[in-house]
*Asks:* 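Submitted below is the structure of interest, expressed as structure tokens.
Proteins come first, then strands; the chains are lettered A, B, ... in the order of their sequence lines, and each starts at number 1.
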Amino acid sequence: NAGVTQTPKFRVLKTGQSMTLLCAQDMNHEYMYWYRQDPGMGLRLIHYSVGEGTTAKGEVPDGYNVSRLKKQNFLLGLESAAPSQTSVYFCASSSHRTGGRETQYFGPGTRLLVL
Amino acid sequence: AQKITQTQPGMFVQEKEAVTLDCTYDTSDPSYGLFWYKQPSSGEMIFLIYQGSYDQQNATEGRYSLNFQKARKSANLVISASQLGDSAMYFCAMRESPGSGTYKYIFGTGTRLKVLA
């Protein structure tokens with residue numbers, strides 16, 4: 001049981017390049033989320049998904065796209081990377097069973113540097 | 001407007017002493033959840049404790065307790081008997097339900113705790 005995994009762990013891009021970050025979870029969770037973490041800003045929600053085939057915008061969605069073709073995977077795409085997208089990206093998943101005590105489970109993060 | 005406010009960017013505590021990390025929140029949703037996470041220097045996010053908006057008692061998990069004051073909209077984390085391994089960044093988060101069965105989490109900016117030997 002690997003929990004939530006993220007690929008890659010670290011990447012350097014040049015401005016204008018594209019890339020896809022992969023998040024995978026093996027807990028059969030309905031909900032998946034992508035966050036970015038910047039110094040002094042906490043975690044900010046980029047996009048999220050409440051189930052296979054669904055996505056929704058979070059707090060800072062501009063410059064990113066997502067897809068959830070399979071329940072276990074949530075992809076975050078950067079079509080044309082910008083230096084402002086230099087950040088640490090976290091994926092998380094959760095299920096919301098009756099009771100509401102379920103927390104999010106986080107991946108280890110992807111550190112992205114855009115030059 | 002900030003929905004989750006952590007006013008202490010950094011805190012120091014002596015080993016074996018207790019420390020309180022502040023968190024205030026703002027929501028009009030009657031049903032919400034409050035969480036605390038620990039992020040050590042290695043970077044992973046570790047869930048510590050949860051408090052539901054309808055919970056009558058304050059949550060406790062080992063050395064962690066949550067001082068929930070609903071009328072004041074505060075959810076402070078209390079760490080008792082601090083250990084050197086408690087040195088980390090701590091985030092307060094709130095789960096809201098904006099409707100249609102969706103859930104969103106909002107995070108504060110964090111408090112960096114340093115435990116002194």
Side-chain angles (χ1 to χ4, degrees), chain A residues 2-6 8-10 23 25 27 29-52 54-61 68 87-112, chain B residues 1-10 21 23 25 29-55 57 59-61 64 66 89-112:
Chain A
V4 181
T5 58
Q6 292 182 233
K9 288 184 171 52
F10 176 71
C23 175
Q25 52 95 3
M27 296 174 281
H29 285 166
E30 290 293 331
Y31 295 77
M32 296 187 75
Y33 307 80
W34 275 108
Y35 295 91
R36 59 178 289 172
Q37 183 179 22
D38 303 295
M41 302 288 287
L43 274 73
R44 292 183 293 168
L45 182 65
I46 304 171
H47 285 281
Y48 64 103
S49 168
V50 302
E52 182 179 323
T54 73
T55 63
K57 293 181 180 180
E59 181 186 357
V60 288
R68 183 104 180 264
S87 189
V88 179
Y89 292 85
F90 283 98
C91 176
S93 72
S94 66
S95 70
H96 291 280
R97 299 171 298 189
T98 303
R101 312 194 72 81
E102 186 74 10
T103 181
Q104 291 184 307
Y105 293 83
F106 284 87
T110 293
R111 191 174 295 273
L112 177 64
Chain B
Q2 284 278 78
K3 287 204 164 189
I4 293 284
T5 303
Q6 295 181 252
T7 57
Q8 307 151 313
L21 307 184
C23 173
Y25 61 92
D29 189 344
S31 177
Y32 53 89
L34 297 159
F35 299 80
W36 278 92
Y37 295 90
K38 173 184 178 182
Q39 186 178 43
S41 57
S42 52
E44 72 267 33
M45 295 288 286
I46 301 167
F47 165 69
L48 295 177
I49 195 166
Y50 166 85
Q51 181 83 43
S53 59
Y54 294 120
D55 291 345
Q57 294 189 321
T60 60
E61 292 285 349
Y64 304 108
L66 200 152
M89 184 74 103
Y90 289 81
F91 290 99
C92 179
M94 177 173 65
R95 182 185 64 217
E96 285 188 312
S97 178
S100 303
T102 63
Y103 296 89
K104 291 170 65 174
Y105 294 75
I106 302 162
F107 285 77
T109 52
T111 295
R112 186 170 297 281

*Asks:* Looking at OH of A:Tyr105 and CZ of B:Phe47, how far apart are the two atoms once the value is rounded to the nearest 0.5 Å?
*Replies:*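 It comes to 8.0 Å.
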*Asks:* Against chain A, label B:Gln39 side chain, backbone, both or neither, depending on which of its atoms sit under 4.5 Å from a heavy atom there.
*Replies:*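 For B:Gln39, the contact with chain A is made by the side chain alone.
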*Asks:* With the side chain counted from C-beta on, respond yes when A:Gln37 and B:Phe107 share a heavy-atom pair under 4.5 Å apart, and no when they do not.
*Replies:*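 With C-beta onward as the side chain, the pair stays apart.
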*Asks:* For the residue pair A:Leu45 and B:Lys104, what are the closest heavy atoms and their distance?
*Replies:*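 Where A:Leu45 meets B:Lys104 most closely, the heavy atoms are CD2-CE, 4.0 Å.
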*Asks:* Taking all atoms of both residues into account, what is the closest heavy-atom pair of A:Thr103 and B:Phe35, and its distance?
*Replies:*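 Scanning both residues, the minimum pair turns out to be CA-CE2, 3.7 Å.
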*Asks:* What part of A:Thr54 is in contact with chain B, defined as an atom under 4.5 angstrom from a non-hydrogen atom: side chain, backbone, both or neither?
*Replies:*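 No part of A:Thr54 comes within 4.5 Å of chain B.
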*Asks:* Taking CZ in A:Arg111 as the centre, count heavy atoms belonging to other residues, nucleotides or ligands within less than 6.0 Å. Is the count above 12?
*Replies:*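 Not more than 12 within 6.0 Å, no.
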*Asks:* Is it the case that the ring center of A:Tyr35 lies less than 6.0 angstrom away from the ring center of B:Tyr105?
*Replies:*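 No.
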*Asks:* Checking heavy atoms, do the side chain of B:Tyr54, its backbone, both or neither come under 4.5 Å from chain A?
*Replies:*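 Answer is neither: B:Tyr54 stays 4.5 Å or more from chain A.
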*Asks:* What heavy-atom pair brings B:Met45 and A:Phe90 nearest, and what distance separates the two atoms?
*Replies:*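 Result for this residue pair: CG-CE2, 4.3 Å.
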